Novice: 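What follows is a structure written as structure tokens; I'll ask about it next.
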Amino acid sequence: MNISFIMGNHRWRKMKSGLVTVLCSLSALLVAAPLALVFYHLVRNGAVAVSWSFFTELPKPVGVTGGGMANAMVGSLQLLGLAAIIGIPPGVLGGVYLAEYGSSRGNWMLRFVADVLNGVPSITWGIVVYGLAVLPFKGFSAYAGGLALGLMMIPLIMRTTEEVVLLVPNGYREAALALGVTRWKTIVHIVMKTASKGIITAILLALARVSGETAPLLFTAFGNRFWNHDLTQPIAALPLQIFTYAISPYEDWHHQAWAGALVLLVTIFLINILVRMLTRNRTARVL
């Protein structure tokens, strides 16, 4: 074979490989650029308002500068706690059921419904819970807000838990059953224990998703400028406070809204880092 032809073909392959590498690198930059710009914009506009008082003080009266969002941060934690109580048990158990029990037709229907619910706009969840928990009790409450967020978590946790449980090799189940261990004990003590990191990951991802939701809380939690001592009353939340401050005509509130958005983004960023740490080498260990 002609040596010059071989060399020319080799150079052409290298050029194509280099071109594809450049295109992939540019695509990665295009994907990361919006996040970097958003983070830069939040730091530039919100860092000036981040201070110790921002984390420890209540909002000041209208027209008075200063204050903070301490009640909103605590309120968000309370809402996430309620959402976790409502959303985690049915989500995890539903995922285990899809992976270990049920018929193929029934499981297909459950997966389809869960996938549809994952795509439902968050404001729809808020309207549904408004009709279920706000109108009948004639008042906004932390319970209603937690219910809306918890319902949003269920399909996400369910589908992720199912995928993680299915990663556990069947050999683990067969070995336990061969030793006389009952099926439910095999699932609880072997399958779920093996998949525990993945299940925790699913829970953290669901919490990260709902932690920044505003629309469902407008219809359920409503917001509060003071400390909440009764979960049957309206409660503050960080996304709600950011929304209220962002649409206000006051410059100081705008700065605090940027600061709140920065805190919220950093919190979600830290949760995602924790998820990455938990999922590192998880698949290799399971397999």
Side-chain angles (χ1 to χ4, degrees), residues 77-120 122 125 128-129 132-133 142-211 213 216 231 271-287:
L77 293 176
Q78 289 177 302
L79 288 172
L80 288 177
L82 291 171
I85 294 172
I86 295 170
I88 292 175
V92 173
L93 294 177
V96 172
Y97 176 84
L98 288 175
E100 301 291 336
Y101 297 99
S103 62
S104 58
R105 181 177 178 83
N107 286 3
W108 180 88
M109 289 296 298
L110 287 175
R111 293 188 187 100
F112 178 76
V113 171
D115 291 337
V116 171
L117 291 178
N118 270 326
V120 172
S122 59
W125 288 108
V128 169
V129 177
L132 293 175
Y143 288 125
L147 177 61
L149 299 182
L151 292 176
M152 292 178 62
M153 291 174 60
I154 291 175
L156 179 58
I157 295 176
M158 180 186 297
R159 292 294 280 130
T160 310
T161 299
E162 180 197 4
E163 296 298 329
V164 172
V165 171
L166 288 175
L167 286 175
V168 179
N170 283 327
Y172 290 14
R173 302 173 178 85
E174 294 170 356
L177 294 174
L179 293 173
V181 181
T182 59
R183 188 176 183 185
W184 73 268
K185 286 185 177 180
T186 300
I187 294 172
V188 172
H189 296 291
I190 297 177
V191 176
M192 292 188 67
K193 185 176 181 181
T194 305
S196 59
K197 285 190 176 181
I199 295 173
I200 294 172
T201 299
I203 294 170
L204 291 176
L205 287 174
L207 288 172
R209 178 195 171 187
V210 302
S211 62
E213 292 291 346
L231 296 180
I271 292 176
N272 279 276
I273 290 178
L274 180 60
V275 168
R276 291 291 183 181
M277 292 174 62
L278 288 174
T279 56
R280 185 174 52 191
N281 298 328
R282 175 180 56 80
T283 304
R285 291 173 184 172
V286 170
L287 299 177

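None of the values given here were measured: they were computed from a predicted structure.
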Novice: Write down the atom of Ser103, the atom of Gly106, and the distance for their closest heavy-atom approach.
Specialist: OG-N, 3.1 Å
Novice: For the CD1 atom of Ile88 and the CD1 atom of Ile200, what is their distance to the nearest 0.5 Å?
Specialist: 10.0 Å
Novice: For a 4.5 angstrom cut-off between non-hydrogen side-chain atoms, does His189 reach Val181?
Specialist: no
Novice: About how many Å separate CD of Glu163 and CE of Met158, when rounded to the nearest 0.5 Å?
Specialist: 13.0 Å
Novice: Using every non-hydrogen atom in the two residues, find where Ala144 and Val129 come nearest and quote the distance to one decimal.
Specialist: O-CG1, 3.4 Å
Novice: Going from CG on Leu79 to CD on Glu213, what distance comes out if it is rounded to the nearest 0.5 angstrom?
Specialist: 12.5 Å
Novice: What I'd like to find out is whether the side chain of Val191 reaches to under 4.5 Å of the side chain of Tyr172, using heavy atoms alone.
Specialist: no
Novice: Side chains of Leu117 and Trp125, heavy atoms from C-beta outward: is any pair under 4.5 Å?
Specialist: yes
Novice: What are the two closest non-hydrogen atoms of Val165 and Arg173, and how far apart are they?
Specialist: O-NH2, 3.1 Å
Novice: State, with a plain yes or no, whether a side-chain heavy atom of Met153 is found less than 4.5 Å away from one of Ile86.
Specialist: no
Novice: Does the Ser211 side chain pair with the main chain of Ala208, one donor and one acceptor, at a distance under 3.5 Å?
Specialist: yes
Novice: I would like to know whether Leu177 and Thr186 meet side-chain contact (heavy atoms from CB on, under 4.5 Å); could you show each step before the answer?
Specialist: CA-CA 7 Å; Leu177 294 174; Thr186 300; 3.9 Å; yes
Novice: Given Thr201, which partner from the list Ile203, Leu204, Leu205 fulfils the side-chain contact (heavy atoms from CB on, under 4.5 Å) test?
Specialist: Leu205
Novice: Looking at Pro90 and Ile154, what are the two nearest heavy atoms and their distance?
Specialist: CG-CD1, 3.7 Å
Novice: Hey, what do you get for CG (Leu207) to CZ (Arg209), rounding to the nearest 0.5 Å?
Specialist: 12.0 Å
Novice: As an exercise, state the distance from CG of Asp115 to CZ of Arg159, rounded to the nearest 0.5 Å.
Specialist: 4.5 Å
Novice: Minimum heavy-atom separation for Gly146 and Leu82, please, with both atom names.
Specialist: CA-CB, 3.9 Å
Novice: Please find the pair of heavy atoms, one from Ala114 and one from Pro155, that lie closest to each other, and give the distance.
Specialist: O-CB, 3.5 Å
Novice: Sub-3.5 Å donor-acceptor pair from the side chain of Asn107 to the main-chain atoms of Tyr101, do we have one?
Specialist: yes
Novice: Roughly how far, to the nearest 0.5 Å, is the CG atom of Leu156 from the OG1 atom of Thr161?
Specialist: 8.5 Å
